[in-house]
Amino acid sequence: MSVEELFGELPKGWDYRTLGEVCAQGGGAVQTGPFGSQLHAADYVPVGIPSIMPQNIGDNRISADGIARITMADAERLSKYRVKPGDIVYSRRGDVERRALVRDSEDGWLCGTGCLRVRLGDGPVDPIFAAFYLGAAETREWIVRHAHGATMPNLNTSILSACPMIVPPLPEQRAIAATLGALDDKIELNRKMNATLEAMARALFRDWFVDFGPTRAKMEGRAAYLSPGLWSLFPERLDDEGKPEGWEEKGLLRLANLISGGTPKTDNAEFWNGNVPWASAKDVSQCKDTFLIETDRSISENGLRNSATKIIPRYATVVVARGATTGRSCMFGSDIAMNQTCYALTSRSGQPFWLNCAFRELVDRLVNAAHGSVFDTITTRTIEAVSLIEGPKELRDEFEHTVAPLFLRVLANVIETRTLAQTRDLLLPRLMSGELRVADAEQIVRDVA
């Protein structure tokens, strides 16, 4: 399919090119990262130059979480593969439609094994505009359709170079990029805010219920760092087991209800595509936010009544119980039905955020105790065997009261981010085709951002 077929007739002064052509005009190119023979697993080091792998490529952003690193000597040896601001990085295999724009903070990082680097250079296309253009649904669909391999799509320099592009005049490109960038910047701000809010809540939980910071401070004669009422809820010393005196260790299911799910019959169309969101392990494992608010599939009220699935209440903690992503978890941001590949935990004492923080502290124990010949499986018995130190209910209530506003702000940001992303994705093809002009799009952005 040509660009004309993808986007139709263009405004005057706009042009059709391929990605390879615009790269060549700017003195750039589409290039693969180093092959495995050039960089081995043993070459990675704890501290060094980050090496961008496919798992670090998000939606137009590079994630440094768990990123591999190489020595400066290796970075210099592989200097032809280093990135600079304005480059765009792709995965060569798997999720080949995702791309990430390299920003100033990633200057000099390595385009790692398994990736492709697009360098536009000083040519007819603005890199930020190009990154948005390559994120348009029509462009992504073109890339997926032309990638080799039915089971595992593969991308190479020839395929990516042949990707059709629309090239408006540079001032128009930059105006489009600025308009869409305002939405992306707000999305990124929400992501950073949520990371900070969640870190605050989890740090407080760890201090009170894992490290027992106030009790240790009392034992060491340090000054109180909580209000007098809160400070008095912590014992003066630890017992012989290392927990605050008088605190009990209880099984997780003494504090939480365990709920399983189900699947309506897939051959009955009346059970599907209704107004009840229905989560699977895929939804939970791919949820990058604290809260899941959207699911790939939905079921009807009839499907809900005629299957083992149940409505899981808002704020429940949900964990993948089997498969390659066992142990991945999130909270539900609304009432959602669920299939049998997951378990849900709801608080028996009205403390859903305390329960989520507690679960996050012990989930590794659950995964380590999981069994299965092919994939790990968390069973009911696995969960029954896990215990934790709960602390007095009064203290848990104080914790819940303190962190609930943080979690609710996170949820509000997740919902707002969905609206921003939907607006961006609706504007994107219309701006790229010239159907919608920048001035009109700017007003829409002001209304939602």
Side-chain angles (χ1 to χ4, degrees), residues 1-11 14-26 28-32 54 57-62 86-103 111 115-121 123-149 153-170 172-181 183-184 187 420-438 441:
M1 184 180 291
S2 66
V3 188
E4 292 92 335
E5 292 172 306
L6 281 174
F7 290 101
E9 186 178 352
L10 296 179
W14 294 35
D15 197 8
Y16 292 119
R17 310 272 177 87
T18 66
L19 181 57
E21 287 172 347
V22 298
C23 287
Q25 284 183 270
V30 180
Q31 176 184 298
T32 63
I57 299 174
D59 186 11
N60 207 25
R61 290 189 182 271
I62 294 168
D87 289 347
I88 300 167
V89 184
Y90 270 90
S91 170
R92 289 170 54 199
R93 292 180 295 275
D95 196 358
V96 295
E97 63 185 293
R98 298 182 73 83
R99 84 282 177 232
L101 178 70
V102 176
R103 292 166 169 80
C111 174
C115 292
L116 290 162
R117 185 191 70 197
V118 177
R119 178 163 291 169
L120 292 122
V125 173
D126 178 79
I128 302 175
F129 168 83
F132 281 117
Y133 175 87
L134 293 168
E138 294 85 350
T139 311
R140 293 166 76 130
E141 189 272 336
W142 187 97
I143 290 172
V144 171
R145 184 158 32 85
H146 286 79
H148 296 306
N154 283 265
L155 202 56
N156 58 38
T157 56
S158 297
I159 294 170
L160 203 50
S161 295
C163 179
M165 286 200 73
I166 289 174
V167 183
L170 266 172
E172 188 80 10
Q173 291 180 39
R174 290 169 180 150
I176 291 171
T179 301
L180 297 173
L183 294 170
D184 256 16
I187 290 171
L420 294 168
Q422 288 173 338
T423 302
R424 178 198 62 199
D425 294 344
L426 285 170
L427 292 177
L428 190 53
R430 299 179 65 195
L431 283 167
M432 294 301 173
S433 66
E435 176 191 346
L436 181 70
R437 304 320 293 258
V438 171

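Quick note: numbers below take in every heavy atom, side chains included, and nothing from hydrogens, waters or symmetry partners. FYI, the numbering just counts along the sequence from 1.
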query = If you take all heavy atoms of L134 and C163, which pair is closest and at what distance?
reply = CD2-SG, 4.2 Å
inquiry  = When you measure from the side chain of T139 to the backbone of Y133, do you find a donor-acceptor pair of N or O atoms at a distance under 3.5 Å?
reply    = yes
remark   = For V96 and L155, the nearest pair of non-hydrogen atoms, with its separation, is O-CD2, 3.8 Å
key: Pairwise side-chain contact, R430 with L428, heavy-atom cut-off 4.5 Å (strictly under)   = no
task = Check whether more than 12 heavy atoms from other residues, nucleotides or ligands sit under 6.0 Å from atom CD1 of I128, and answer yes or no.
result = no
query = Taking C-beta and beyond as the side chain, do D87 and C111 meet within less than 4.5 Å on heavy atoms?
reply = no
task = May I ask you to test the L427-L183 pair for a side-chain heavy-atom distance under 4.5 Å?
result = yes
query = Looking only at atom types and distance, does a side-chain atom of E21 sit under 3.5 Å from a main-chain N or O of T18, one as donor and one as acceptor?
reply = yes
request  = Take R98 and D59, measure what side chain to side chain contact (heavy atoms under 4.5 Å, CB included) needs, and give me the verdict at the end.
outcome  = CA-CA 6 Å; R98 298 182 73 83; D59 186 11; 3.6 Å; yes
ask   = Tell me, do R117 and Y90 make a side-chain contact under 4.5 Å, heavy atoms counted?
value = no
ask   = Would L180 and M432 satisfy side chain to side chain contact (heavy atoms under 4.5 Å, CB included), going step by step from the backbone distance to the final call?
value = CA-CA 11 Å; L180 297 173; M432 294 301 173; 4.2 Å; yes
request  = Decide yes or no on salt bridge (charged side-chain N to carboxylate O under 4.0 Å, His left out) for R61 and D184, but give the supporting numbers first.
outcome  = CA-CA 10 Å; R61 290 189 182 271; D184 256 16; 5.3 Å; no
query = If you look at every heavy atom in I159 and H146, which pair is closest and at what distance?
reply = CD1-O, 3.3 Å
query = How close do S91 and P54 get, heavy atom to heavy atom, and via which atoms?
reply = OG-CB, 3.4 Å
Closest approach of P124 to V22 (non-hydrogen atoms, all atoms of both residues) = CD-O, 3.9 Å
Heavy-atom side-chain contact between H148 and P153 under 4.5 Å = no
Partner residues of E97 under the side chain to side chain contact (heavy atoms under 4.5 Å, CB included) criterion, sequence neighbours left out = D95, R140, V144
inquiry  = Using 0.5 Å steps for rounding, measure from the CZ atom of R424 to the CG atom of L431.
reply    = 12.5 Å
task = Decide yes or no for Y16 and M165: does some side-chain heavy atom of the first lie under 4.5 Å from some side-chain heavy atom of the second?
result = no
key: R99 (side chain) donor-acceptor with A131 (main chain) under 3.5 angstrom   = yes
query = How long is the span from the CZ atom in F132 to the CG atom in L101, to the nearest 0.5 Å?
reply = 8.5 Å
message = Can a donor-acceptor pair be found, under 3.5 Å and without considering hydrogens, that links the side chain of Q173 to the backbone of D126?
response = yes
query = Should E172 and W14 be marked as a side chain to side chain contact (heavy atoms under 4.5 Å, CB included) after you check the CA-CA gap, both sets of side-chain angles, and the distance that decides it?
reply = CA-CA 10 Å; E172 188 80 10; W14 294 35; 3.7 Å; yes
message = Quick check: do L120 and I88 have side-chain heavy atoms less than 4.5 Å from each other?
response = yes
request  = Run the numbers on L19 and S161 for side chain to side chain contact (heavy atoms under 4.5 Å, CB included), then give the verdict.
outcome  = CA-CA 5 Å; L19 181 57; S161 295; 5.8 Å; no
note = Smallest heavy-atom separation, V125 atom then L170 atom, equals C-CD2, 4.3 Å
inquiry  = For residues 155-170, which residue pairs pass the salt bridge (charged side-chain N to carboxylate O under 4.0 Å, His left out) check, not counting sequence neighbours?
reply    = none
4.5 Å side-chain heavy-atom contact, I62 and I57 = no
